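Notes to accompany the following structure.
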Amino acid sequence: MFFNNLRLALRHLSRQRLNTFLHIVGLTLGMSVCLLIGLFLRYELSFDTYHKAAQRTYRINSSWIDAGNKSSHYSTPLPLADALRSEVSGLEAVVQAHPLWDETIEVNQKILKQERLLVVDPSFPDVFNIEVIRGNAKEALEKPFQALLTESTAKKFYGNEDPVGKTFTYKKFHITVAGLIKDFPSNTHLPASVLLSYVADGQFLGHELNTWTNVSGTTTYVVLPDGYDLKVLERHLNAMADKHINSDPGIPKFVKSEFDIQPLRDVHFDTQYEGGGHWVKAVNTTWLWFFAVIGLAVLTLACINFVNLSTAQALTRAKEVGVRKSVGAGRLHLITQFLREAWLLTFFSGV
């Protein structure tokens with residue numbers, strides 16, 4: 001009986017080719033638009049959620065208040081990470097990432113431009129997920145002038161050769177490749193191409209080491225244990241700002257600095273702090289809601305169009321319904337037959 005009814009539904013759809021075509025095209029377009037927008041939203045909402053401690057990881061941001069006007073920035077002073085490690089107890093991890101603005105390097109006597117060079121602490125792999133192909137990431141970052149290359153960067157530098165143990169030059173510094181890692185996923189605000197071990201050298205970093213009043217792209221992250229009170233960390237940060245920045249005689253009295261704590265999962269959506277920084281800008285959540293409404297509206301219109309086309313066929317199918325009733329078809333059987341046709345059209349559109 002099931003296959004017989006299915007054959008009847010397919011026969012009817014094949015006879016009404018124009019209506020079947022309009023049904024399928026309308027639903028297909030509506031579903032496609034809705035699915036594409038859904039995939040886009042899922043991608044945007046997945047930023048930095050794949051890290052193992054994402055829910056307990058926070059970024060420290062800087063704020064400057066000048067005559068009542070507050071300006072915010074994702075960067076922090078370079079000495080902040082060491083101060084947090086020495087003065088604040090109970091933190092699970094503190095990590096700092098410093099992008100290098102000079103993107104010119106020398107590989108095999110060739111000058112190359114390489115974007116997204118990132119200097120990081122040895123604790124970086126403990127906070128941010130890195131898929132290591134060769135070498136030991138943590139040990140490599142503990143030694144000065146060591147580098148971890150992503151697969152695409154290693155291929156750019158050395159072709160199909162094994163990159164581990166080879167060297168390249170950044171400024172006057174010779175960097176040894178100590179490991180190979182997978183390319184960072186696109187849904188991260190730190191899509192580095194090269195991870196360099198931290199070296200306390202102002203020329204290497206392109207930044208003064210011990211200054212608290214200058215920020216240059218350095219980002220500081222902390223991982224808090226479960227149950228840690230954020231207000232405790234805020235008090236420590238405010239005390240550091242007062243001690244090292246606001247008390248500086250070179251800072252005007254009407255200018256005040258403070259630090260803010262931001263959950264890692266909010267970084268990509270906070271335009272106040274420029275999102276992920278220099279490499280990945282923030283996405284306003286208002287636009288995400290706007291696209292979500294557009295997707296639902298398009299799908300709703302496709303469904304309305306489907307219903308209107310089906311309703312328009314009601315008169316042409318009245319004779320068929322009468323014949324079916326005269327040979328004993330019940331109300332439930334007729335409903336099931338029409339629904340089966342609708343399901344088939346929806347299935348074809350979905351495919």
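What you are looking at is a predicted structure, and each value in this text was computed from that prediction instead of being measured.
Put simply, the side chain of Ile37 does not reach to within 4.5 Å of the side chain of Leu296, judged on heavy atoms. For the pair Glu87 and His236, the minimum side-chain heavy-atom distance is 4.5 Å or more. Looking at Tyr221 and Phe128, their side chains come closer than 4.5 Å, going by heavy atoms from C-beta outward.
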Step-by-step ring-ring contact (aromatic ring centres under 6.0 Å, His included) determination, Tyr170 to Phe145: CA-CA 10 Å; Tyr170 171 74; Phe145 304 116; 10.0 Å; no
side-chain contact (heavy atoms from CB on, under 4.5 Å) between Thr218 and Tyr74, worked out: CA-CA 8 Å; Thr218 302; Tyr74 64 91; over 6 Å; no
Test side-chain contact (heavy atoms from CB on, under 4.5 Å) applied to Trp64 and Glu258, step by step: CA-CA 7 Å; Trp64 292 86; Glu258 59 185 27; over 6 Å; no
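A donor-acceptor pair shorter than 3.5 Å can be found between the side chains of His189 and Asp48. Gln272 and Ser72 are linked by a side-chain donor-acceptor pair at a separation below 3.5 angstrom, with hydrogens and angles left out of the test. For the residue pair His73 and Ser62, no side-chain donor N or O sits within less than 3.5 Å of a side-chain acceptor on the partner. Thr271 and Asn284 are not linked by any side-chain donor-acceptor pair at a separation below 3.5 angstrom, with hydrogens and angles left out of the test. A donor-acceptor pair shorter than 3.5 Å can be found between the side chains of Thr220 and Thr76. The closest side-chain donor-acceptor pair between Asp248 and Thr213, if any, does not fall under 3.5 angstrom. In this structure, a donor-acceptor pair under 3.5 Å is present between the side chains of His268 and Glu44. Side-chain contact, His174 with Thr167: no donor N or O sits under 3.5 Å from an acceptor N or O. There is a side-chain donor-acceptor pair under 3.5 Å between Thr153 and Thr150.
In this structure a side-chain-to-backbone donor-acceptor pair under 3.5 Å is missing from Ser257 to Ile245. A donor-acceptor contact shorter than 3.5 Å is absent between the side chain of Thr188 and the backbone of Pro185. Looking only at distances, no side-chain donor or acceptor of Thr285 sits under 3.5 Å from a matching main-chain atom of Phe269. A side-chain donor-acceptor contact under 3.5 Å links Gln96 to the backbone of Leu78. Remark: side-chain polar atoms of Ser349 are not paired, donor with acceptor, to backbone N or O of Leu27 under 3.5 angstrom. With hydrogens and angles ignored, the 3.5 Å screen pairs no side-chain donor or acceptor of Asp66 with any backbone N or O of Asn69. Judged by distance alone, with hydrogens and angles left aside, the side-chain atoms of Asp266 form no donor-acceptor pair with the main-chain N or O of Gln262 at under 3.5 Å. Thr219 places no side-chain N or O within donor-acceptor distance of the main-chain N or O of Ser75, the cut-off being under 3.5 Å. The backbone N or O of Ser123 sits nowhere less than 3.5 Å from a side-chain atom of Asp121 that would complete a donor-acceptor pair. Distance alone, capped at 3.5 Å, is enough to place a donor-acceptor pair between the Ser247 side chain and the Asp242 backbone.
With sequence neighbours excluded, no residue forms a side-chain hydrogen bond (donor to acceptor under 3.5 Å, both in side chains) with Ser89. Judged as a salt bridge (Lys or Arg N to Asp or Glu O under 4.0 Å), and not counting sequence neighbours, the contacts of Lys138 are Asp126. Among residues two or more places apart in sequence or in another chain, the side-chain contact (heavy atoms from CB on, under 4.5 Å) test is passed with Leu29 by Val25.
Surrounding CH2 of Trp101 are more than 12 heavy atoms belonging to other residues, nucleotides or ligands, all under 6.0 Å away. Heavy atoms of other residues, nucleotides or ligands lying less than 6.0 angstrom from OH of Tyr50 number more than 12. Atom CD of Gln55 is surrounded by 12 or fewer heavy atoms from other residues, nucleotides or ligands within 6.0 Å. The 12-atom threshold is not exceeded at CZ of Phe347, counting heavy atoms of other residues, nucleotides or ligands nearer than 6.0 Å. For Lys155, the NZ atom is loosely surrounded, since the number of other residues' heavy atoms within 6.0 Å does not exceed 12. Surrounding NZ of Lys143 are at most 12 heavy atoms belonging to other residues, nucleotides or ligands under 6.0 Å away.
When all heavy atoms of Leu190 and Phe184 are compared, the pair lying nearest together is O-CD2, 3.7 Å.
Residue Ile60 holds its CD1 atom at 9.0 Å from CG of Asp260, rounded to the nearest 0.5 Å. Between atom CZ of residue Phe168 and atom OH of residue Tyr158 there is a gap of 6.0 Å, rounded to the nearest 0.5 Å. To the nearest 0.5 Å, the span separating CD1 on Ile65 from NZ on Lys70 amounts to 5.5 Å. A distance of 7.0 Å separates CE in Met31 from CG in Leu299, rounded to the nearest 0.5 Å.
In this pair, Phe291 and Phe40 present their aromatic rings perpendicular. The plane angle is above 60°, beyond the 30 to 60° band.
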